Amino acid sequence: MSDGIKSLTQPITPHLWFDKDAKEAAAFYCSVFPDSKITSVTILYDTPSGDCDLVSFLVWGQPFMAISAGPLFTFNPSISFIVNFDPSREPNASELIDEVWNKLSEGGTPLMPLDKYPFSERFGWLQDKYGVSWQLMLTNPDGEPRPPIVPYMMFVGDNCGKAEEARAFYLSVFRNAKPGTLVRYGPGMPPDKEGTVMFTDFMLENTWFAAMDSAHEHKFQFSEAISLLVHCETQEEIDYYWDKLSAFPEAEQCGWLKDKYGVSWQISPAAMDEMMTTGTPEQRERVTQAFMKMKKFNLAELQKAFLGS
């Protein structure tokens with residue numbers, strides 16, 4: 001890796017694509033979880049999807065972004081969010097997990113009921129009323145601490161068996177990265193193959209992720225409904241992550257790409273956040289029109305559009 005590629009200054013941000021409900025969903029999540037708030041709301045005008053709400057918010061301290069940009073993509077459990085209720089961090093963790101489950105369950109669909117499992121005293125997996133998947137877990141306070149929210153990737157179908165390879169790949173791409181736990185399936189756990197990944201986690205740029213292989217029949221794959229936003233300070237960083245991660249040229253558009261596993265990433269200049277949140281309506285309009293024409297973002301061109309030069 002070149003010396004010009006530093007550790008990122010901002011964590012990798014999960015980005016949720018809604019049809020129309022980004023603001024409503026963000027407000028809902030902020031009402032469900034502690035230490036949560038909406039940090040900015042911006043409207044992108046005259047996009048191919050019309051006028052789009054762009055919302056930045058924190059869920060239990062984890063940055064998220066959401067956009068209302070039409071019914072192009074549908075949420076599925078290929079990327080979900082583990083919510084760690086740690087009794088050493090939250091004295092009322094046992095009560096809180098039930099409270100959060102009840103709120104998220106309203107209008108949603110349970111995938112694994114909230115109950116006792118071999119790996120957790122209390123665990124449940126559900127899709128909420130917007131389709132976003134959450135895994136609520138009462139964690140063992142004796143282990144190494146993990147943040148409250150951890151994005152979780154499920155490798156299914158043609159991807160099944162690739163979770164360990166993907167983990168090694170992501171750890172090689174990001175400078176500030178470290179492996180965590182790796183637990184494999186043992187014998188006699190069909191249809192899952194012995195030696196494939198039952199659970200692993202790893203840290204990329206101060207953001208913890210988790211992953212698993214699942215050989216069960218799932219009628220979904222990774223999709224653009226949930227992407228991972230990488231904030232870059234320089235054009236060199238944008239070029240580096242774009243070159244390392246992009247595997248499908250046809251998927252490149254407006255700073256978005258797909259990696260070789262089908263996971264969607266957004267490689268975006270950190271300066272664009274400031275342009276879109278502090279700029280005048282005219283400046284935001286110029287930046288929007290400029291980036292809509294781009295595949296990989298050109299920071300200098302975006303700055304020129306912002307300044308009107």
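Computed from a prediction, not measured in an experiment: that's the story for all the values here.
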Margin query: What's the separation between atom NZ in Lys37 and atom SG in Cys30, rounded to the nearest 0.5 Å?
Written below: 10.0 Å

Check: Can you check side chain to side chain contact (heavy atoms under 4.5 Å, CB included) on Glu237 and Leu8, steps first, answer last?
Finding: CA-CA 9 Å; Glu237 290 175 2; Leu8 302 174; 4.0 Å; yes

Item checked: Cluster check Tyr117, Met212: I/L/V/M/F/W/Y, side chain < 4.5 angstrom -> yes

Note to self: As a test of understanding, state which of Leu126, Val83, Val32 forms a side-chain contact (heavy atoms from CB on, under 4.5 Å) with Trp101.
What the structure shows: Leu126

Notebook entry, point to check: If you look at every heavy atom in Met275 and Gln303, which pair is closest and at what distance?
Noted result: CE-CG, 3.6 Å

Next item on the list: Before giving the answer on side chain to side chain contact (heavy atoms under 4.5 Å, CB included), spell out for Val197 and Arg167 the whole-Å C-alpha distance, their side-chain angles and the decisive distance to 0.1 Å.
Entry: CA-CA 10 Å; Val197 174; Arg167 170 187 189 253; over 6 Å; no

Margin query: Classify the ring geometry of Phe64 against Phe57: parallel below 30°, tilted from 30° to 60°, perpendicular beyond 60°.
Written below: parallel

Margin query: Between the side chains of Glu250 and Lys258, is the shortest nitrogen-to-carboxylate-oxygen separation below 4.0 Å, so that they form an ion pair?
Written below: no

Next item on the list: Give a yes or no on this: more than 12 heavy atoms of other residues, nucleotides or ligands lie within 6.0 Å of atom CD of Glu274.
Entry: no

Next item on the list: May I ask you to decide if Asp46's main-chain N or O and Asp51's side chain share a donor-acceptor pair within less than 3.5 Å?
Entry: yes

Notebook entry, point to check: Cut-off 3.5 Å, side chains only: do Glu106 and Asn102 have a donor facing an acceptor?
Noted result: no

Notebook entry, point to check: What's in the same ILVMFWY side-chain cluster as Leu58, cut-off under 4.5 Å, chained through other members?
Noted result: none

Next item on the list: I would like to know whether Tyr45 and Thr288 meet side chain to side chain contact (heavy atoms under 4.5 Å, CB included); could you show each step before the answer?
Entry: CA-CA 8 Å; Tyr45 293 100; Thr288 301; over 6 Å; no

Checklist line | Ser68 to Ala22 - nearest heavy-atom pair and separation | finding: OG-N, 2.9 Å

Checklist line | Side-chain heavy-atom pair Arg184, Glu164 within 4.5 angstrom cut-off | finding: yes

Check: Taking C-beta and beyond as the side chain, do Tyr240 and Ile267 meet within less than 4.5 Å on heavy atoms?
Finding: no

Next item on the list: Identify the two heavy atoms, one from Asp213 and one from Gly161, that lie closest to each other, and give their separation to 0.1 Å.
Entry: OD1-N, 2.7 Å

Check: If we only count heavy atoms from C-beta on, is the Leu72 to Glu224 side-chain gap below 4.5 Å?
Finding: no

Notebook entry, point to check: So do Phe174 and Val230 actually touch side chain to side chain, heavy atoms under 4.5 Å?
Noted result: yes

Check: Honestly curious: do Met276 and Leu299 fall in one hydrophobic cluster under the side-chain, below-4.5 Å linking rule?
Finding: no

Item checked: Non-hydrogen atoms of Ser227 and Gln266 that approach each other most closely -> OG-NE2, 2.9 Å

Note to self: If you compare all heavy atoms of Cys254 against all heavy atoms of Phe291, which two are closest, and at what distance to 0.1 Å?
What the structure shows: SG-O, 3.8 Å

Next item on the list: Check the surroundings of atom NZ in Lys295: do more than 12 heavy atoms from other residues, nucleotides or ligands lie under 6.0 Å from it?
Entry: no

Margin query: Nearest 0.5 angstrom please: Leu44 CG to Gln289 CD, how far?
Written below: 10.0 Å

Next item on the list: Give a yes or no answer on whether the side chain of Glu252 reaches the backbone of Leu257 with a donor-acceptor pair at less than 3.5 Å.
Entry: no

Notebook entry, point to check: Just by distance, do the side chain of Lys103 and the backbone of Glu99 share a donor-acceptor pair under 3.5 Å?
Noted result: no

Next item on the list: Indicate yes or no: at least one non-hydrogen side-chain atom of Thr277 is less than 4.5 angstrom from one of Thr39.
Entry: no

Check: Are Phe75 and Asp128 side-chain neighbours, meaning at least one heavy-atom pair lies under 4.5 Å?
Finding: no

Check: Is Gln283 close to Thr278 at the side-chain level, that is, under 4.5 Å between some pair of heavy atoms?
Finding: no

Donor-acceptor contacts, no H, no angles, side chain residues 147-159, under 3.5 Å, sequence neighbours left out:
from: Asn159; atom 1: ND2; to: Gln221; atom 2: OE1; distance (Å): 3.4
from: Asn159; atom 1: ND2; to: Tyr261; atom 2: O; distance (Å): 2.8

Next item on the list: Start with the C-alpha gap between Tyr170 and Ile12, add the side-chain angles, then the distance that decides, and say whether side chain to side chain contact (heavy atoms under 4.5 Å, CB included) holds.
Entry: CA-CA 12 Å; Tyr170 297 140; Ile12 297 168; over 6 Å; no

Checklist line | Residue that, paired with Arg122, satisfies side-chain hydrogen bond (donor to acceptor under 3.5 Å, both in side chains) out of Asp98, Thr139, Asp115 | finding: Asp98

Check: Is a side-chain N or O of Ser49 found less than 3.5 angstrom from the main chain of Ala69, in a donor-acceptor match?
Finding: yes

Item checked: Side-chain heavy-atom pair Phe85, Glu90 within 4.5 angstrom cut-off -> no

Checklist line | Ring centroid separation Phe33 to Trp134 under 6.0 Å | finding: yes

Check: With the 4.5 Å side-chain cut-off for hydrophobic clustering, are Phe73 and Leu54 part of the same group?
Finding: yes

Margin query: If I compare all heavy atoms of Lys296 with all of Ile238, which pair ends up nearest, and what's the gap?
Written below: CG-CG2, 3.8 Å

Check: So does Glu95 have more than 12 non-hydrogen atoms from other groups sitting under 6.0 Å from CD?
Finding: yes

Next item on the list: Can you spot which of Ile79, Asp201, Leu228 makes a side-chain contact (heavy atoms from CB on, under 4.5 Å) with Phe209?
Entry: Leu228

Next item on the list: List in chain and number order the residues that pass salt bridge (charged side-chain N to carboxylate O under 4.0 Å, His left out) with Asp19, two or more places apart in sequence or in another chain; answer none if no residue qualifies.
Entry: none

Item checked: Arg286/Glu282 ion pair, N-O < 4.0 Å -> no

